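Worksheet: one structure, shown below.
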Amino acid sequence: MISRVVLVALVSLLSLCMSACQSPPPDIVKSPNDSRSYRLHTLPNGLSVLLISDPDAVKSSVALSVAAGSFDEPAEFPGLAHLLEHMLFLGSEKYPQGDYAEFVNQSGGNLNAYTDNQQTNFMVSVDDASFELALDRFSRFFWQATLDPAYTDKERHAVDAEWRMKRSDDWVILARLDERTLAPAHPAHRFSWGNLQTLQDSKNATLHQALVDFYHTYYRANQMQAVLISPRSLDQQIVLAERFFTPIPSGRERHSTPLPPALDTNTGAKWLTYQPQADMRQLRISFVINNNQAEYRYKPNHYITYLLNSEMPGTLAATLREQGLVEALYADVEPAQYGNAGNFSIFADLTLAGAQQPERIVGAVFNYLQLISQQGIQQAYADELRQSLQNNFRFLTESDNAQLAMHLAAQLHNYPARDVLVSPYQFAQFEPQRIRAVLAQMTLDNARITLISPQAQANQHFEHFPGQYSQHKITPSQLQSWQQQARSLTLSLLAFNTLMPGEFTLHQPLSDTPQILQNDPDGSMVLMQNGTFKEPKGHILIELNSDITKQSPTSYVVASLLSRALGRQTTDLYDEAIAAGMSLSVGINNGLNIELVTLVSDSQNCWTGY
């Protein structure tokens with residue numbers, strides 16, 4: 001019998017031989033501000049592992065994402081993928097006692113996992129001294145899980161408890177409302193949380209057998225992506241990946257059945273009202289669009305949200321706020337939320353006045369979309385967006401390693417490894433037709449408009465969740481009437497950003513100690529250049545110290561109103577600064593605080609704008 005040590009050595013040798021015959025792994029595009037080293041390595045079983053060496057890391061982390069989620073579970077067992085996620089923590093053949101959480105805690109670490117529509121993602125982070133033990137336990141989830149039926153009932157109750165804990169959350173309920181209004185044939189329409197009613201034996205199959213079948217069908221190396229982050233070298237991490245993840249069996253090439261359309265003739269153009277559990281007022285306009293995730297290099301979605309999210313004078317958000325109709329307006333896109341389709345949503349946080357005239361706001365939104373389509377597709381805006389994205393990527397702040405591992409394991413299913421870090425910031429070129437193609441889908445037929453208000457009329461109940469809602473069709477003539485109501489609002493596109501820095505030059509620090517520029521009874525001013533973080537950034541903190549904010553409840557409220565008013569007064573400047581990679585904030589602590597973070601460019605004086 002061949003010993004495990006010899007077997008691992010043979011597998012590693014085989015992998016090296018195979019690697020020699022293959023093309024070299026792609027160079028991972030990373031931020032100039034990122035000091036980590038990256039390498040993609042593919043194991044003999046087809047599992048792709050992204051290795052990240054971070055010499056400054058205190059802990060080591062591993063994440064693994066499986067390309068299977070609630071969309072893949074059998075219809076008779078809603079929540080099965082979520083239940084399987086729970087079951088994997090409860091032991092393997094080598095570690096049957098199921099003390100995984102205790103081990104992680106004793107190793108100074110943390111763990112996490114989640115089940116999504118199309119993925120299930122697992123992560124663990126521990127002190128590096130315990131990393132190999134953690135990998136031994138973690139990797140066996142995916143090839144040696146016991147799935148002991150004795151634990152199934154316990155974990156059914158754990159899943160049910162999660163559902164009960166979250167079922168009254170308005171954001172969870174609204175996500176369910178979004179799913180319920182899709183085409184019934186689409187898997188997103190189904191309940192996916194799982195509870196005691198949905199996770200029990202059916203007439204045709206047992207729950208445990210369904211778990212085992214799901215595990216052996218989808219938990220295969222060729223349907224997985226893994227990420228390791230450690231202070232160890234990349235070569236050392238390859239040895240660990242080969243040792244612990246090669247035993248995961250590979251599966252057949254997956255041939256997924258095409259998903260049905262997310263909308264059908266009965267699902268589009270709906271007006272929905274929802275009575276929230278909390279005191280909230282919001283208007284949502286959601287459009288189902290084609291999945292255009294593959295167009296990430298051209299940023300058609302990002303381009304449109306860039307224009308919609310602007311609060312410069314005359315824009316949609318600024319005008320509705322000045323009219324006292326909204327507190328804020330913003331847009332967000334999930335290009336693959338429904339698998340074969342995406343969700344482009346515009347959110348308006350309403351004032352009391354806005355909640356009484358939502359139709360006028362809807363009309364203004366559609367008028368503004370027409371304005372973007374007619375006048376807003378310009379090279380100048382594309383150049384501005386590209387510069388903003390480049391600046392953000394160039395000076396990207398390093399994130400928590402554990403969360404980064406989990407994020408990248410998921411993103412490797414969506415983007416080529418070379419672009420997995422840069423994909424949110426990449427803007428290859430301006431292609432107007434791609435932007436127009438998205439705008440052409442932002443129509444009434446693809447829209448679901450939801451008014452969320454305690455005063456909303458509602459007469460339908462949710463299955464599995466509390467709360468009430470109502471729905472009815474919207475006709476083109478109704479939308480035309482709402483657009484006519486909004487004609488009184490004069491809307492314009494955003495002005496070009498005057499704070500956008502372009503070229504940067506770093507200067508040597510004048511001194512490595514703080515310099516006192518002013519120090520008298522009226523106040524003090526201190527200047528220091530930072531020689532540690534090599535970034536052309538300036539940080540200005542103005543503290544107007546006073547105990548007046550804490551003298552009485554009235555004085556605190558007045559100070560809060562002043563801070564809020566100053567924040568409102570500088571909204572357009574704040575918006576312009578954020579797009580340029582800067583920030584501006586106003587708050588109260590021991591008096592009034594004003595904080596600025598600027599990018600200083602040789603090409604223009606970004607301090608002047610402040």
Side-chain angles (χ1 to χ4, degrees), residues 28-34 292 295-318 330-333 335 372 375-399 415 418-436 438-439 492-507 533-540 570-585 596-610:
I28 311 297
V29 180
K30 68 174 187 174
S31 167
N33 217 32
D34 190 346
N292 62 1
E295 299 181 31
Y296 67 93
R297 293 184 182 91
Y298 306 99
K299 294 291 182 288
N301 305 328
H302 203 134
Y303 183 97
I304 299 170
T305 59
Y306 184 73
L307 271 60
L308 285 171
N309 288 337
S310 174
E311 296 200 36
M312 290 187 182
T315 59
L316 175 66
Y330 45 96
D332 187 48
V333 188
I372 291 175
Q375 302 178 25
I377 306 177
Q378 302 182 34
Q379 180 72 53
Y381 286 134
D383 292 341
E384 187 174 292
L385 174 58
R386 180 184 292 107
Q387 187 64 60
S388 175
L389 293 171
Q390 287 177 354
N391 290 348
N392 288 338
F393 186 63
R394 177 175 179 175
F395 305 112
L396 193 64
T397 302
E398 291 188 358
S399 57
Y415 303 104
R418 181 182 184 277
D419 293 341
V420 72
L421 295 171
V422 73
S423 58
Y425 309 95
Q426 226 170 2
F427 194 171
Q429 62 188 60
F430 175 51
E431 295 195 0
Q433 71 275 14
R434 296 180 188 270
I435 300 169
R436 292 194 177 94
V438 176
L439 286 168
S492 60
L493 295 171
L494 62 156
F496 295 114
N497 197 314
T498 60
L499 301 181
M500 189 70 68
E503 299 177 0
F504 305 92
T505 301
L506 293 173
H507 299 281
F533 300 100
K534 308 297 184 182
E535 299 177 347
K537 287 188 177 182
H539 187 172
I540 305 173
T570 57
T571 297
D572 56 338
L573 181 59
Y574 168 85
D575 187 67
E576 193 172 1
I578 288 292
M582 311 182 204
S583 68
L584 165 66
S585 62
L596 317 172
V597 177
T598 71
L599 284 171
V600 184
S601 168
D602 278 359
S603 61
Q604 51 189 203
N605 188 354
C606 300
W607 299 76
T608 304
Y610 287 104

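Since we're looking at a predicted model, the values are computed, not measured.
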Any side-chain heavy atom of [X] within less than 4.5 Å of one from [Y]?
X    : Y    : answer
I28  : L421 : yes
I435 : I372 : no
H302 : L389 : yes
Y303 : V438 : no
N391 : R394 : no
Q429 : Y298 : yes

To the nearest 0.5 angstrom, please state how far the [atom1] atom of [X] sits from the [atom2] atom of [Y].
X    : Y    : atom1 : atom2 : result
E311 : Y330 : CD    : OH    : 11.0 Å
K299 : Y425 : NZ    : OH    : 10.0 Å
S31  : L396 : OG    : CG    : 5.0 Å
L493 : Q378 : CG    : CD    : 7.0 Å
N301 : D332 : CG    : CG    : 10.0 Å
R418 : S423 : CZ    : OG    : 12.0 Å

Pair Y381 and Y306, ring centroids less than 6.0 Å apart | no

Grab the two heavy atoms, one from L307 and one from G376, that are nearest each other, plus how far apart they are.
-> CD2-O, 3.7 Å

Shortest non-hydrogen contact from P313 toward S492 = O-OG, 3.9 Å

Result for side-chain contact (heavy atoms from CB on, under 4.5 Å) between P300 and one of E431, R436, R434, Q433 points to R434

Member of N309, I377, L439, V333 meeting the side-chain contact (heavy atoms from CB on, under 4.5 Å) criterion with I304 | L439

Q379 and D383: side chain donor to acceptor below 3.5 Å | yes

Does S310 reach the main-chain N or O of L494 with its side chain, forming a donor-acceptor pair under 3.5 Å?
-> no

